[in-house]
Amino acid sequence: MRQTAWNRSRRLAAALALAAALTGACEYGPAATGPGARPAAQGTPVASRAPAPRQAAFDEREFREDVRTAETLTDDFWRRHWDRLFTGEYSSPRVVGLYDGRDRSSAPVCGGERFEPDNAAYCPTGDFVAWDAHLMRSGYARGDAWVYLVISHEWGHAVQNRLRRGLVSPAAELQADCLAGAALYGSSDDGTLRFEDGDEQELVDAFKVIGDRAPWTRPGDHGSAVQRLRAFSRGGEKGVRACFT
């Protein structure tokens, strides 16, 4: 993904490609999460049944640039569109960003508990978002779409926390996936984000990792990989309002 323009017709084609890939989502990886946080993508990404592609040398500079871009683009999308979608004023969550989950003393604190390693979460009590550096680097090594998905999902929880309670779905994780899709594809419509060849498959692969059947998620907490990809695709194809119907 890159910070530039993208044609609307490509957006619709990508949404259809994601929908067509729903049946392939089935692989997961382990992690844990502390109380009080709203986690979405924990655990070290693992390979699917297909052999992993050969990886180029990890580019730390590009990784950090993509993390910053994902943060900025997602925040800008909600700031631009808030007045058209919701009442009140939009305020940005605080971005703690990358933290070292291997150093417990440096992990962010939410509700009196420190974030666990290999976690990404929104903390409603502190109104901040944060993501473990190892988790983000592990996913990024398989494709840059990973950081955009994780960050836009957590921002979705921040959006939920700014809405009246009746608008937040009981299936809050799936709604956050939908909001993530709406923000990323909406940014492409705004001309601030371009999806590159292979990004759609990277998103499908990411959902294989973060589905609900992983041993580190509670039953019914997030939804299966198929459900999550379907929710993301719905937001991507139909926009924010589709996440509230």
Side-chain angles (χ1 to χ4, degrees), residues 15 18 31-42 70-71 73-96 108-113 115-116 119-131 148-187 189 203 206-207 210-214 216-245:
L18 286 173
T33 171
R38 301 286 297 274
Q42 313 116 354
E71 295 167 353
L73 283 172
T74 306
D75 188 52
D76 285 351
F77 172 83
W78 290 112
R79 186 173 301 283
R80 272 194 308 275
H81 295 279
W82 190 267
D83 289 346
R84 183 172 59 85
L85 296 165
F86 308 114
T87 59
E89 293 185 3
Y90 173 75
S91 60
S92 305
R94 183 165 59 94
V95 179
V96 173
V109 177
C110 180
E113 299 288 339
F115 277 20
E116 297 288 343
N119 189 17
Y122 168 69
C123 177
T125 57
D127 192 29
F128 68 81
V129 287
W131 16 84
Y148 289 85
L149 173 60
V150 171
I151 289 171
S152 61
H153 175 102
E154 297 307 337
W155 228 280
H157 285 311
V159 168
Q160 290 169 327
N161 200 43
R162 284 152 172 74
L163 303 176
R164 69 175 188 270
R165 195 171 188 86
L167 287 176
V168 179
S169 169
E173 296 297 336
L174 294 178
Q175 187 179 54
D177 287 330
C178 183
L179 294 172
L184 292 182
Y185 285 98
S187 293
D189 279 350
L203 289 167
F207 279 110
I210 60 178
D212 193 44
R213 288 171 56 193
W216 39 264
T217 56
R218 297 183 297 273
D221 185 31
H222 290 74
S224 69
V226 170
Q227 290 171 321
R228 298 193 67 175
L229 184 54
R230 183 178 292 121
F232 179 87
S233 184
R234 183 173 68 253
E237 182 180 0
K238 298 181 179 180
V240 174
R241 288 189 173 89
C243 304
F244 298 92
T245 58

Donor-acceptor contact present, side-chain Thr74 to main-chain Glu71, <3.5 Å
no
Go through Gln175 and His157 one step at a time and tell me if the side chain to side chain contact (heavy atoms under 4.5 Å, CB included) criterion holds.
CA-CA 9 Å; Gln175 187 179 54; His157 285 311; over 6 Å; no
Atom of Trp78, atom of Ala183 and distance for their closest heavy-atom approach:
NE1-CB, 4.0 Å
Can you list the steps and then say if Val150 with Trp155 is a side chain to side chain contact (heavy atoms under 4.5 Å, CB included)?
CA-CA 9 Å; Val150 171; Trp155 228 280; over 6 Å; no
Search all heavy atoms of Val159 against all heavy atoms of Leu163 and return the closest pair with its distance.
O-CG, 3.2 Å
Shortest non-hydrogen contact from Ala130 to Pro108?
CB-CG, 3.9 Å
Please find the pair of heavy atoms, one from Asn161 and one from Pro124, that lie closest to each other, and give the distance.
ND2-O, 3.9 Å
Would you mind checking if Arg162 and Asp127 are paired as a salt bridge, meaning a charged N to carboxylate O distance below 4.0 Å?
yes
Take atom CZ of Arg84 as the centre, draw a 6.0 Å sphere, and report whether it contains more than 12 heavy atoms from other residues, nucleotides or ligands.
yes
Tyr148 backbone acceptor or donor facing Ser152 side chain under 3.5 Å
yes
Distance-minimising heavy-atom pair for Ser187 and Leu73:
OG-O, 3.9 Å
Assess whether ring-ring contact (aromatic ring centres under 6.0 Å, His included) is satisfied between Tyr185 and Phe77, documenting all intermediate values.
CA-CA 10 Å; Tyr185 285 98; Phe77 172 83; over 10 Å; no
Heavy-atom pair of closest approach, residues His153 and Ala176
CE1-CB, 3.5 Å
Could you walk me through whether Val129 and Ile151 pass side chain to side chain contact (heavy atoms under 4.5 Å, CB included), step by step?
CA-CA 8 Å; Val129 287; Ile151 289 171; over 6 Å; no
Given side chain to side chain contact (heavy atoms under 4.5 Å, CB included), test Ser169 with Leu174 step by step and report yes or no.
CA-CA 8 Å; Ser169 169; Leu174 294 178; over 6 Å; no
Give me the one residue out of Phe128, Tyr122, Trp131 that meets ring pair (Phe, Tyr, Trp, His ring centres under 6.0 Å) with Phe115.
Phe128
Does any donor atom in the side chain of Tyr90 or Asp83 lie under 3.5 Å from an acceptor atom in the other side chain?
no
